[in-house]
Amino acid sequence: MNSTAKGDRPHIAVFGRRNVGKSSLINKLTNQKLALVSSQPGTTTDPVYKAMELLPIGPVMMIDTAGIDDQGELGEMRIKKTKEIMRKTDLALLVISAVQGAGEFEADLVREFKEKDIPFIVVLNKIELLEDAEKAEPISTLKNFDKFLKKFKLDFIKASAEQEINIDLIRETIAEEMPEDCSRQTIMGDLIDPGDTVVLVTPIDSAAPKGRLILPQVQTIRDILDHDASALVTKKTKVKSEIDKLENAPKIVVTDSQAFETVAREVPEDILLTGFSVLFARYKGDLKTFVRGAKAMEKLKAGDKVLVAEACTHRRQQDDIGTVKIPNWVHSKISPEIEFEHVSGREFPDNLKDYTVILHCGSCMLNRKEVLSRLKEAEAEGVPVINYGMGIAWLHGILDRALEPFPEALELWQQDQEEIVGVV
Ligand SMILES: Nc1nc2c(ncn2[C@@H]2O[C@H](COP(=O)(O)OP(=O)(O)OP(=O)(O)O)[C@@H](O)[C@H]2O)c(=O)[nH]1
Ligand SMILES: [Mg+2]
């Protein structure tokens, strides 16, 4: 189970003020001493990720965060990091101390969860202290907690990480509340039938990792096998001869997007052809959003600025796709005066408005929630987004073909084109 890709695990994050018992609760939920616990407020400083098995759900990613009431300049930075975690949170636990009750910090978190559509569970921790009148002021605490619950119409679970009260109930509630769509169920199972053959084209060049296949290719093979179909994996130079050898035509050919152009020439027109990046645009994000991004690419003109966003911080190749190849193609196809700026890693800049379009990487390291959050942020700023693969398909004039297996997206793309033709 440990091999379940990070991006495919539901992400459960724990939020709350300092010292309320967030780390203690994670340790109890996971039955492991993963997170550092102490009576010192501010023990957890950076978000702590742990991929693990959480019964009865299965493989998940648990995230411990720094307290939302941290102080000072460092504290502010930690709060910012904690809030960034929300982008990828499929389900949140809001931990409140029974000794402190709820206040503005908790109200703020609830407002943010609601704004970001994050389902959450309220846990009133250290409940055993309520019975100890010396350590708590049960009446006033419960009064403000009650007001908070009423204000937001919330339910809650009484718990104690220390005395292991209701830990199982929290696990079960997590399983119940986990949104079903936090990961799409299949990469291409809906496109194939049992017994079909799918041809996968994976270029073995200097960009390919030594001795292995990249994650989206491996996941696609697994998905095809899960649907009782067969995968024929080949290089771009062999794709035609492999198809010719088959007794029955393959149901669909999937290629690495960098080989799109060559492969499109080799694969007969009556065989469906798409890219891993189109499959993953759908699996991780939203195909229609990227189709709108393609429309924005059509309208690019000299002086426009394009943001290239890469989610991981890998070492760049000389002919790196995001920093070199795509800008070169855009410069030669549209205008040499289109400006490119680059960001990589976890950060998504605040100045999205400055860009005409955002070109995003394939997001194989991000979970679906984070991709959707990024798309939502861009949409709120009115900036269209497209992923690398679909951008490449458009730049090479084969987006129509790559979208053929997805009638709704194709229809939207063709409508958009007609609109453009209509305008001109
Ligand atoms: N009495 C009691 N103490 C608890 C309980 N849960 C945690 N604690 C104690 O509360 C203190 C803080 O616990 P942590 O788990 O470090 O709290 P945290 O929310 O992660 O704190 P920060 O990382 O500083 O934000 C520790 O001394 C814990 O032993 C509980 O249910 N009851
Ligand atoms: Mg902690």
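In listed order, ligands and their atoms are each counted from 1.
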Peer 1: Locate the shortest heavy-atom distance separating H342 from G322; write the atom from each residue and the value.
Peer 2: CE1-O, 3.3 Å
Peer 1: Would you please classify the geometry between the Y283 ring and the F280 ring as parallel, tilted or perpendicular, with 30° and 60° separating the classes?
Peer 2: perpendicular
Peer 1: Just checking K116: does its NZ atom have more than 12 heavy atoms from other residues, nucleotides or ligands closer to it than 6.0 angstrom?
Peer 2: yes
Peer 1: Could you please provide the protein residues found below 4.0 Å of ligand 1 on a heavy-atom basis, arranged by chain and number?
Peer 2: R17, R18, N19, V20, G21, K22, S23, S24, V37, S38, S39, Q40, P41, G42, T43, T44, G67, N125, K126, E128, L129, S160, A161, E162
Peer 1: Check residues 348-355 and write down every donor-acceptor pair under 3.5 Å in which the side-chain atom is one partner and the other belongs to a residue at least two apart or another chain.
Peer 2:
{"residue": "N351", "atom": "ND2", "partner": "D354", "partner atom": "OD2", "Å": "3.1"}
{"residue": "K353", "atom": "NZ", "partner": "E381", "partner atom": "OE1", "Å": "2.8"}
{"residue": "Y355", "atom": "OH", "partner": "E341", "partner atom": "OE1", "Å": "2.6"}

Peer 1: Distance under 6.0 Å and angle within 45° of the ring axis: does K333 meet both against W394?
Peer 2: yes
Peer 1: Salt bridge or not between R78 and D70? Use side-chain N to carboxylate O under 4.0 Å.
Peer 2: yes
Peer 1: For the Mg ion (ligand 2), report each protein N, O or S atom nearer than 2.8 Å, sorted by chain and then by residue number.
Peer 2: S23 OG, T44 OG1
Peer 1: Identify whether the distance between the nearest side-chain nitrogen and carboxylate oxygen of D193 and K251 falls below 4.0 Å.
Peer 2: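 Salt bridge: yes.
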Peer 1: Going by atom types alone, do Q32 and K50 pair a side-chain donor with an acceptor below 3.5 Å?
Peer 2: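 K50 and Q32 do not have a side-chain donor-acceptor pair below 3.5 Å.
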Peer 1: Side chains of residues 151-163: which donor-acceptor pairs under 3.5 Å do they make with residues two or more places apart or in other chains?
Peer 2:
{"residue": "S160", "atom": "OG", "partner": "E128", "partner atom": "OE1", "Å": "2.9"}
{"residue": "S160", "atom": "OG", "partner": "E162", "partner atom": "N", "Å": "3.4"}
{"residue": "S160", "atom": "OG", "partner": "Q163", "partner atom": "N", "Å": "2.8"}

